[in-house]
Amino acid sequence: MIKVAVNGAAGRMGGRLITAIKETGGLQLTGALEHTENPMLGQDAGLSAGCGPLGVTICSDLDKVLKDTEVLIDFTFPEVSLRNLEACARLGKSLVIGSTGFTPEQRARVEDLARHVPVVLAPNMSVGVNACFKILKEAARILGEGFDVEIVELHHNKKKDSPSGTAVRMGEIVAEALGRDYNECAVYHREGMCGARTQEEIGMQTVRGGDIVGEHTVYFIGMGERIEITHRAMSRDMFARGAVRAAAWLADKTPGLYDMQDILGLK
């Protein structure tokens, strides 16, 4: 049995992760973490997740949880994930990171720490989204310079980062396939007399509202034709299943930084 712990255990995503672990053979929930002021501290993690008692109490002691854990799953915030990764590197534990919104400096720190322990960092754990990543690379390569690229993403009104990590990754993949630098060609805002669109730019548009789990569309717009590649998330369960799959895959890996493309054999 692979021993897995969840950070953010009392949150919506934490509950789905705990349920997915319970439903996956070969995995055992051994720890459930929350911040020190969370009202769910001391409660059974399974009851909090709505999947029945599991005998694992939600606590705030990271070192205690990691002592009995092989892999930690963290869907919280970049600064929290980095602190947890530092602890994992110190104690020799693996980490699956589903947090988004990392700055280039934070990403560099993850890469540095991953030299000591196995880490999966993916902006989206969905198998479908990662299939889209592969498709987008081929589409951009085939279509080339004759098509303008625009990316539109939709999420719930509680999401803190914008654009989403998934949308950014889609932009990076397309830019790389077209021989461009994403950081130079991404355009996040258009207003007023901003001038005609350039051929090189990749437009990044964001919508926030209600309880949208996640939707991403990449438009390849040519003269007289348009291709749209869309992924719609119907529930958080797909992210949880992907993360749990990543945790199982990571358990016997050597130190290094991996993503879902590695796990799915798409590289």
Side-chain angles (χ1 to χ4, degrees), residues 78 97-115 119-155 159 161-207 214-233 239 242 246 256-267:
I97 302 175
S99 308
T100 60
F102 285 87
T103 66
E105 294 76 17
Q106 289 172 327
R107 169 77 185 211
R109 180 60 175 157
V110 171
E111 293 174 357
D112 180 56
L113 291 167
R115 294 187 296 108
V119 178
V120 167
L121 173 62
N124 195 307
M125 299 284 178
S126 158
V127 173
V129 162
N130 281 274
C132 284
F133 289 164
K134 183 73 170 181
I135 294 167
L136 286 170
K137 181 177 181 180
E138 289 302 305
R141 183 183 61 80
I142 293 168
L143 297 173
E145 299 294 338
F147 287 73
D148 297 324
V149 181
E150 296 283 319
I151 300 175
V152 180
E153 59 99 343
L154 297 79
H155 280 89
K159 186 169 178 60
D161 59 311
S162 175
S164 70
T166 300
V168 171
R169 185 62 192 134
M170 287 176 164
E172 291 172 341
I173 289 169
V174 171
E176 182 180 351
L178 294 172
R180 304 175 192 169
D181 183 336
Y182 171 79
N183 293 317
E184 293 182 0
C185 67
V187 174
Y188 299 102
H189 183 70
R190 299 187 182 109
E191 183 180 9
M193 295 295 292
C194 57
R197 187 193 198 283
T198 66
Q199 183 181 35
E200 292 76 20
E201 68 189 61
I202 295 176
M204 303 291 291
Q205 310 300 325
T206 295
V207 177
E215 180 174 324
H216 297 83
T217 299
V218 179
Y219 297 87
F220 293 92
I221 308 169
M223 301 303 292
E225 59 182 332
R226 180 173 76 241
I227 296 171
E228 302 176 14
I229 298 174
T230 298
H231 181 274
R232 295 184 180 92
F239 304 128
L257 184 59
Y258 306 96
D259 60 20
M260 287 300 290
Q261 300 286 298
D262 293 304
I263 294 164
L264 299 173
L266 295 177
K267 287 188 172 178

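We number each residue from 1, following the sequence as shown.
- Checking side-chain atoms of Asn130 against main-chain N and O of Asn124 turns up a donor-acceptor pair under 3.5 Å.
- The CG atom of Leu136 sits 4.5 Å away from the CD1 atom of Ile229 when rounded to the nearest 0.5 Å.
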TODO: Take Val119 and Leu113 through the test side chain to side chain contact (heavy atoms under 4.5 Å, CB included) and record every step on the way to the result.
DONE: CA-CA 9 Å; Val119 178; Leu113 291 167; over 6 Å; no

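- Here Leu154 contributes atom CG and Arg232 contributes atom CZ; the two are 9.0 Å apart, rounded to the nearest 0.5 Å.
- In the model, His216 has no side-chain atom that pairs as donor or acceptor with a side-chain atom of Thr230 under 3.5 Å.
- Annotation for Arg190: atom CZ counts as buried by contact number, over 12 foreign heavy atoms lying within 6.0 Å.
- Between atom CD of residue Glu228 and atom CZ of residue Phe220 there is a gap of 11.5 Å, rounded to the nearest 0.5 Å.
- Ion pairing between Glu105 and Arg107 fails under the 4.0 Å rule for side-chain N and carboxylate O.
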Task: Criterion side chain to side chain contact (heavy atoms under 4.5 Å, CB included) on Ile263 and Val120, from CA distance to verdict - done: CA-CA 9 Å; Ile263 294 164; Val120 167; 3.9 Å; yes

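- Residues passing the side chain to side chain donor-acceptor pair (under 3.5 Å) test with Asp161 are Thr100, Lys159, sequence neighbours excluded.
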- [ ] Check the pair Gln205, His189 against side chain to side chain contact (heavy atoms under 4.5 Å, CB included), reporting the backbone distance first and the verdict last.
- [x] CA-CA 8 Å; Gln205 310 300 325; His189 183 70; over 6 Å; no

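- Between the side chain of Asp112 and the main chain of Arg115, no donor-acceptor pair closer than 3.5 Å is present.
- Considering only heavy atoms from C-beta on, Leu264 stays 4.5 Å or farther from Phe133 through its side chain.
- Arg197 contributes a side-chain N or O that, together with a main-chain N or O of Glu201, makes up a donor-acceptor pair within less than 3.5 Å.
- In this structure, the side chains of Val187 and Ile202 stay at 4.5 Å or more apart for every pair of heavy atoms.
- Residues forming a side chain to side chain donor-acceptor pair (under 3.5 Å) with Glu138 (at least two apart in sequence, or on another chain): Arg141.
- Counting only distance, with no hydrogens or angles, the side chain of Glu153 and the backbone of Thr166 share no donor-acceptor pair below 3.5 Å.
- Using a 4.5 Å heavy-atom threshold, the side chains of Ile221 and Phe147 count as separate.
- Between Leu121 and Tyr258 there is no side-chain heavy-atom pair separated by less than 4.5 Å.
- Met204 contributes atom CE, which lies 9.5 Å from atom SG of Cys185 (distance to the nearest 0.5 angstrom).
- Side-chain contact check for Arg226 versus Tyr219: some heavy-atom pair is nearer than 4.5 Å.
- Here the side chain of Gln106 pairs a donor or acceptor atom with the backbone of Thr103 at under 3.5 angstrom.
- Between Arg180 and Glu200 the shortest heavy-atom distance is NH1-O, 2.7 Å.
- Closest approach of Ala246 to Met260, counting heavy atoms only: CB-SD, 4.2 Å.
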Do any side-chain atoms of residues 167-179 form donor-acceptor pairs under 3.5 angstrom with protein atoms, and if so which ones, sequence neighbours left out?
unit_1	atom_1	unit_2	atom_2	d
Arg169	NH1	Glu172	OE1	3.1

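- How far CD1 of Ile135 is from CD1 of Ile227: 12.0 Å, rounded to the nearest 0.5 Å.
- Of all the heavy atoms in Phe102 and Ser99, the pair that sits closest is CE1-O, 3.3 Å.
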